[in-house]
Amino acid sequence: MKKTKEDRDTRIQEYLSQWTEEEVSQFQADFLAWYDQHQRDLPWRRRQDPYAIWVSEIMLQQTQVKTVIPYFNRFMSWFEEVSDLAEAPEEKLLKAWEGLGYYSRVRNMQVAAKQIMTEFSGEMPTDIKDIQSLKGIGPYTSGAIASIAFNQPEPAVDGNVMRVFSRLFKITEDISKPATRHVFEGVVRQVISQKDPSSFNQAIMDLGASICTPTKPVCEACPLSAYCEAFKEGNMTDYPVKLGKVKTIPEYYIALVLIDENGKMCLTRRKKHGLLGNFWTFPLVSVSKEIYQEMQQQWVSEPKTYLEKEQGQLSFLNVAETTTLFEEQLEQLGIEGQFKPWPIGEVTHVFSHRKWHLLMAQGTMLSNQVLDVEEETQWVHPKEFSTYAFPKPQQKMLEVLTKNKIISNG
DNA sequence: AAGACGGGGCC
DNA sequence: GGCCCAGTCTT
């Protein structure tokens with residue numbers, strides 16, 4: 001079945017036809033009154049600065065308010081104005097975003113900051129088309145900035161809006177499809193408060209976060225339950241409809257914790273593009289599932305066969321047996337025969353579309369050993385780690401090292 | 001239109 | 001440990 005634009009407009013009108021005009025205005029009044037009473041006190045709501053609103057909206061993409069608050073405060077003190085962001089060194093940018101995820105967000109923000117400096121005289125543009133021309137700002141964020149910062153009646157359709165409105169109007173379209181966003185924009189456009197679109201859009205966000213939640217909506221406390229078509233039927237959690245599942249592909253690595261006689265550890269910098277671009281990790285040796293599981297068996301499940309305590313230090317038995325399992329990879333690194341590893345632990349990390357299994361292997365190396373890899377490598381003492389940007393999997397590995405007292409603190 | 005791109009919370 | 005959350009860019 002082909003869906004034309006006219007077809008879509010028809011469906012939008014059908015959803016809206018469930019409410020009378022009086023109901024729409026009463027709904028707006030009730031909603032704004034609720035927001036006036038219950039709005040959350042958030043750092044970016046204490047100022048009317050488009051820059052602060054922009055930063056907060058980018059951070060809040062795929063990230064919860066509670067997580068964002070400390071990052072936001074630090075970011076605003078590090079980069080007080082658009083010009084500070086435009087001129088910041090990349091290392092400082094990554095450090096500011098370290099642990100937040102989706103790192104292209106902050107890279108794009110700097111590109112946009114430069115756009116604002118050169119094309120818009122250092123001020124956030126007010127026209128929504130101009131706002132959306134900025135790197136990293138799409139239909140949601142442009143609507144959020146236009147409405148919240150400039151009080152323009154623009155929809156800002158994110159997951160909260162689709163959840164709230166799918167329940168309010170019993171919209172059963174699949175929200176995993178990109179085209180469905182237009183349907184919600186059409187509906188919001190016709191019910192948004194013209195007088196206070198800023199509060200209206202923020203009210204949806206607060207309602208979606210605290211009351212109209214994904215799995216257990218608190219309808220008893222909802223100011224909109226009288227209007228909610230799904231609530232009337234008692235099947236709120238059937239909405240929104242989302243098909244299309246994402247599968248996570250497993251990947252297996254041996255993480256090399258190489259330590260030289262000065263206590264420095266070898267770090268590699270990931271390539272600029274792709275997953276975790278430009279972040280630092282221990283060298284990761286890609287291995288097959290079979291090899292990984294074989295080593296995991298020997299190292300983790302039956303450690304006693306391979307480990308013994310010797311003068312307070314772990315020593316590794318049958319080294320040859322396990323390292324031969326990935327000697328091909330070690331050969332490529334140019335360290336075969338020199339690397340006598342012992343197991344420290346295992347770390348897993350789930351991304352949106354991938355699952356990493358990291359088996360940590362510790363070993364000593366002579367200082368200034370050069371690994372034969374394309375990526376930049378550095379030997380760094382753990383006390384210097386705080387100046388390096390580490391993604392979560394690396395942070396988890398550092399925790400393992402701390403727990404095993406291989407490094408102190410974290 | 002589909003895939004790439006992190007990380008956290010809940011049960 | 002499995003399931004939920006989900007904006008923008010790239011292809």
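The chains referred to below are lettered A, B, ... by the order of the sequence lines, with proteins before strands, and numbering in each begins at 1. In this text, all values refer to a predicted model and were calculated from it rather than measured experimentally.
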Colleague: What nucleic acid atoms does A/Thr141 come within less than 4.0 Å of, heavy atoms only: base, sugar-phosphate, or nothing?
Modeller: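 Sugar-phosphate, backbone atoms only, no base.
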Colleague: What does A/Ile137 touch in the nucleic acid at a heavy-atom separation under 4.0 angstrom: a base, only the sugar-phosphate, or nothing?
Modeller: sugar-phosphate
Colleague: Rounded to the Å, how far apart are A/Trp97 CH2 and B/dG7 C1'?
Modeller: 13 Å
Colleague: Among the nucleotides B/dA4, C/dC5, B/dA2, which one has an atom lying closest to any side-chain atom of A/Arg354?
Modeller: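 Of the candidates, B/dA4 comes closest.
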Colleague: Using a distance-only test with no angle check, is there a side-chain donor-acceptor pair under 3.5 angstrom linking A/Arg45 and A/Gln202?
Modeller: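 Present: a donor and an acceptor within the cut-off.
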Colleague: So what does A/Lys396 touch, heavy atoms closer than 4.0 Å: a base, only the sugar-phosphate, or nothing?
Modeller: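 Nothing: the residue A/Lys396, judged by heavy atoms under 4.0 Å, touches no strand.
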Colleague: B/dG7 P sits how many Å from A/Leu60 CG, rounded?
Modeller: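 After rounding, the reported distance stands at 17 Å.
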Colleague: Under 4.0 Å between a side-chain nitrogen and a carboxylate oxygen: does that hold for A/Glu91 and A/Arg269?
Modeller: yes
Colleague: Do A/Lys271 and A/Glu374 sit within salt-bridge range, that is, some charged N less than 4.0 Å from a carboxylate O?
Modeller: yes
Colleague: Sticking with atom P, work out how far B/dG6 lies from C/dC3, rounded to a whole angstrom.
Modeller: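 23 Å, rounded to whole Å.
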Colleague: When you match A/Ser104 and A/Ala179 each to their closest nucleotide on DNA chain B, which lands nearer the 5' end?
Modeller: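 The residue closer to the strand's 5' end, by nearest nucleotide, is A/Ala179.
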Colleague: Tell me whether the side-chain N/O atoms of A/Lys242 come closer than 4.0 Å to OP1 or OP2 in C/dA6.
Modeller: no
Colleague: Are there over 12 heavy-atom neighbours, none belonging to A/Gln13, within less than 6.0 Å of that residue's CD?
Modeller: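 Counting other residues, nucleotides and ligands, CD of A/Gln13 exceeds 12 neighbours.
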Colleague: Kindly say if A/Lys216 contacts the phosphate of B/dC11, meaning a side-chain N or O under 4.0 Å from OP1 or OP2.
Modeller: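 Yes, such a contact exists.
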Colleague: Return the nearest nucleotide to the side chain of A/Gln64; candidates are C/dA6, B/dG7, B/dG9.
Modeller: B/dG9
Colleague: With rounding to the closest Å, how many angstrom separate the P atoms on B/dC5 and C/dC5?
Modeller: 22 Å
Colleague: Just checking A/Ile175: base, sugar-phosphate only, or nothing, at a heavy-atom cut-off of under 4.0 Å?
Modeller: nothing
Colleague: When we call it a touch if two heavy atoms are under 4.0 Å apart, what does A/Gln62 touch: a base, just sugar-phosphate, or nothing?
Modeller: base
Colleague: Expressed as a whole number of angstroms, how long is the span from A/Gln395:CD to B/dG6:C1'?
Modeller: 12 Å
Colleague: Give a yes/no on whether any side-chain N or O of A/His353 is located under 4.0 angstrom from OP1 or OP2 of B/dC5.
Modeller: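 Indeed, a polar side-chain atom of A/His353 lies that close.
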Colleague: Can you check the A/Lys177 NZ to B/dA2 P distance for me, whole Å?
Modeller: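 Roughly 5 Å, once rounded to whole Å.
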Colleague: Rounded to whole angstroms, how far apart are CG on A/Asp238 and P on C/dC4?
Modeller: 14 Å
Colleague: Within a reach of under 6.0 Å around NZ of A/Lys195, are more than 12 heavy atoms found that belong to other residues, nucleotides or ligands?
Modeller: no
Colleague: A/Tyr71 OH to B/dG6 P: how many Å, rounded?
Modeller: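 From A/Tyr71 OH to B/dG6 P: 13 Å.
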Colleague: Within the 4.0 Å heavy-atom criterion, would you say A/Pro240 contacts the bases, only the backbone, or no part of the nucleic acid?
Modeller: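 Here A/Pro240 touches no strand at all.
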Colleague: From B/dC5, C/dT10, C/dA6, pick the nucleotide closest to the side chain of A/Leu275?
Modeller: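 Of all the options, the side chain of A/Leu275 is nearest to B/dC5.
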Colleague: Measure from CD on A/Gln61 to C1' on B/dC5 and round the result to the nearest Å.
Modeller: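 To the nearest whole Å, that distance equals 12 Å.
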Colleague: From the list B/dG6, C/dT10, C/dT8, which nucleotide is the closest neighbour of the side chain of A/Lys135?
Modeller: C/dT10
Colleague: Classify A/Tyr102 by what it touches in the nucleic acid, base, sugar-phosphate, or nothing, heavy-atom distance under 4.0 Å.
Modeller: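 Base contact - A/Tyr102 has a heavy atom under 4.0 Å of at least one base atom.
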Colleague: Figure out the CG/P separation between A/Leu134 and C/dC9, and round it to whole Å.
Modeller: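 After rounding, the reported distance stands at 10 Å.
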Colleague: Give one of base, sugar-phosphate or nothing for A/Arg163, where a contact means two heavy atoms less than 4.0 Å apart.
Modeller: sugar-phosphate
Colleague: Distance check: side-chain N/O of A/His349 vs OP1/OP2 of B/dG6, anything under 4.0 Å?
Modeller: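 Indeed not, no polar side-chain atom of A/His349 lies that close.
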Colleague: Under 4.0 Å, heavy atoms only, any strand: does A/Arg105 hit a base, just the sugar-phosphate, or nothing?
Modeller: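 Touches nothing.
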Colleague: Indicate, with a heavy-atom threshold strictly under 4.0 Å, whether A/Gly277 touches base, sugar-phosphate, or nothing.
Modeller: nothing
Colleague: May I ask you to check whether over 12 heavy atoms, not counting those of A/Gln190, lie within 6.0 Å of atom CD?
Modeller: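 Yes, the 6.0 Å shell around CD holds more than 12 heavy atoms from other groups.
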Colleague: Below 30° counts as parallel, above 60° as perpendicular, anything between as tilted: where do the rings of A/Trp19 and A/Tyr227 land?
Modeller: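 Answer is tilted, since the angle falls between 30° and 60°.
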Colleague: By nearest atom, which of the nucleotides C/dC9, B/dG7, C/dA6 is closest to the A/Asn108 side chain?
Modeller: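 Of C/dC9, B/dG7, C/dA6, C/dC9 is nearest to the side chain of A/Asn108.
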